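Because the structure is a prediction, the values reported are computed rather than measured.
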Amino acid sequence: MPANQTNGELAVETRRLIASEIFDAAKQNAREELRRSVRTLAFSGLAGGLVMGLTGLSVASLRAILGTGTWEELVSFLIYPIGFIAVIIGRAQLFTENTLYPVVLVLDEPRKLRTNSVKMLRLWGVVFAANVVGAFLFALLAIRSAALSPDISSELVKLGVEAVNHPSAHIFWSGVIGGWLIALVAWMVTASQWTIGQVIMIWLLAFVVGIGKFAHCIATSGEILSAVVSGSLAASSYLHWLLFATLGNIAGGVVIVSLLNYGQVAEG
């Protein structure tokens with residue numbers, strides 16, 4: 001602590017933020033993101049989609065070493081959050097984070113509803129498309145190159161096949177929970193003033209996404225597209241899964257997190 005910093009100043013700097021302050025920080029984040037150009041959003045989203053492949057890759061790597069079983073599965077998902085940590089702390093664009101930030105700005109500025117909504121939809125469209133392309137590039141690297149050993153690539157493909165082997169209703173509602181948890185991550189990261197606290201919150205909530213096998217339209221895309229690239233799945237199976245997972249993620253992030261947190265601070 002600097003010599004001229006008093007204990008009182010330190011206490012103010014590290015005090016717990018109240019809901020309205022977290023909300024204001026989320027709105028400021030949204031303004032900054034909505035001002036970014038399509039090009040910078042696309043590159044950031046591409047990086048985000050590529051890095052999110054680390055979630056499936058980490059699980060597949062441990063499964064290849066440990067095998068499959070109850071405790072082996074638990075251990076393998078302990079490092080599932082690594083992709084989320086890298087993307088969120090590194091400030092790359094992730095689609096499900098953006099079900100929080102721009103939405104709270106749209107809700108809080110009704111006079112600018114049309115302008116902010118158009119900007120939000122532009123942000124969603126660019127980031128979502130770039131994230132998916134990034135996930136596809138990860139799949140090409142993982143399956144078509146000689147980067148992975150056969151046992152790891154095989155486990156990665158198995159994860160993708162398992163992810164799509166569910167009815168549409170299950171994928172949607174699983175996506176609702178996945179979207180809720182990752183939008184909640186964005187809220188908690190905004191509330192935290194220390195990087196270590198942010199990392200812990202991301203790890204805890206993303207671990208639940210992984211161990212619960214909840215659908216996440218970008219993280220799980222890396223696994224499913226790996227199965228598509230390997231020839232184990234049809235592209236139509238991925239597109240069907242992506243539709244319902246994305247709708248669920250949006251519903252979970254917007255309705256459960258954004259609207260409820262807006263309700264905490266809305267006046268009148």
Report yes or no: does [X] contribute a side-chain atom to a donor-acceptor pair with the main-chain N or O of [Y] at less than 3.5 Å?
{"X": "N116", "Y": "P102", "value": "no"}
{"X": "S44", "Y": "T40", "value": "no"}
{"X": "W203", "Y": "L78", "value": "yes"}
{"X": "T55", "Y": "M52", "value": "yes"}
{"X": "S58", "Y": "I79", "value": "yes"}

Taking [atom1] in [X] as the centre, count heavy atoms belonging to other residues, nucleotides or ligands within less than 6.0 Å. Is the count above 12?
{"X": "R122", "atom1": "CZ", "result": "yes"}
{"X": "M188", "atom1": "CE", "result": "no"}
{"X": "F23", "atom1": "CZ", "result": "yes"}

Atom [atom1] in [X], atom [atom2] in [Y]: separation rounded to 0.5 Å?
{"X": "L137", "Y": "L225", "atom1": "CG", "atom2": "CG", "value": "10.0 Å"}
{"X": "D151", "Y": "L156", "atom1": "CG", "atom2": "CG", "value": "11.5 Å"}
{"X": "I218", "Y": "N249", "atom1": "CD1", "atom2": "CG", "value": "8.0 Å"}
{"X": "S230", "Y": "R144", "atom1": "OG", "atom2": "CZ", "value": "9.0 Å"}
{"X": "L105", "Y": "L113", "atom1": "CG", "atom2": "CG", "value": "10.5 Å"}
{"X": "L204", "Y": "L181", "atom1": "CG", "atom2": "CG", "value": "11.5 Å"}

Heavy atoms, side chains only, cut-off 4.5 Å: are [X] and [Y] in contact?
{"X": "Y101", "Y": "R31", "value": "no"}
{"X": "E155", "Y": "S76", "value": "no"}
{"X": "L121", "Y": "V118", "value": "no"}
{"X": "K158", "Y": "R63", "value": "no"}
{"X": "L159", "Y": "T220", "value": "no"}
{"X": "V87", "Y": "L54", "value": "no"}
{"X": "L242", "Y": "F128", "value": "yes"}
{"X": "I88", "Y": "Q198", "value": "no"}

Going hydrophobic residue to hydrophobic residue with side-chain gaps under 4.5 angstrom, can you get from [X] over to [Y]?
{"X": "I18", "Y": "W187", "answer": "no"}
{"X": "L141", "Y": "V51", "answer": "no"}
{"X": "L34", "Y": "F43", "answer": "no"}

>> Any carboxylate oxygen within less than 4.0 angstrom of a Lys/Arg side-chain nitrogen, looking at E32 and R35?
In response: no
How close do [X] and [Y] get, counting heavy atoms only, and between which atoms?
{"X": "F138", "Y": "S226", "value": "CE2-OG, 4.0 Å"}
{"X": "I171", "Y": "A245", "value": "CG2-N, 3.6 Å"}
{"X": "A191", "Y": "L17", "value": "O-CD1, 3.7 Å"}
{"X": "G160", "Y": "L233", "value": "O-CD1, 3.9 Å"}
{"X": "A25", "Y": "T190", "value": "CB-CG2, 3.5 Å"}
{"X": "G222", "Y": "A139", "value": "O-CB, 4.3 Å"}

Students often mix this up, so state it plainly: with edges at 30° and 60°, are the rings of Y80 and F84 parallel, tilted or perpendicular? tilted
- Query: In terms of ring plane angle, is the pair H240 and F244 parallel, tilted or perpendicular, where the classes change at 30° and 60°?
  - Reply: tilted
**Request:** Determine, step by step, whether V164 and Y238 satisfy the side chain to side chain contact (heavy atoms under 4.5 Å, CB included) criterion, reporting the C-alpha distance in whole Å, the side-chain angles of both residues, the deciding distance to 0.1 Å, and the verdict.
**Result:** CA-CA 7 Å; V164 300; Y238 168 65; 5.8 Å; no
- Task: Evaluate the side chain to side chain contact (heavy atoms under 4.5 Å, CB included) criterion for residues W124 and V103: first the C-alpha distance (whole Å), next the side-chain angles of each, then the deciding distance (0.1 Å), finally the verdict.
- Result: CA-CA 11 Å; W124 279 10; V103 173; 3.8 Å; yes
Would you sort out whether M120 and L123 count as a side chain to side chain contact (heavy atoms under 4.5 Å, CB included), showing the intermediate values? CA-CA 5 Å; M120 180 184 72; L123 174 68; 5.5 Å; no
Note to self: Could you go through K213 and E73, starting from their C-alpha distance and side-chain angles, then the distance that decides it, and tell me whether this counts as side chain to side chain contact (heavy atoms under 4.5 Å, CB included)?
What the structure shows: CA-CA 11 Å; K213 299 182 180 179; E73 182 170 15; 2.8 Å; yes
Can you see whether T96 engages H216 through a side-chain donor-acceptor pair at a distance of less than 3.5 angstrom? yes
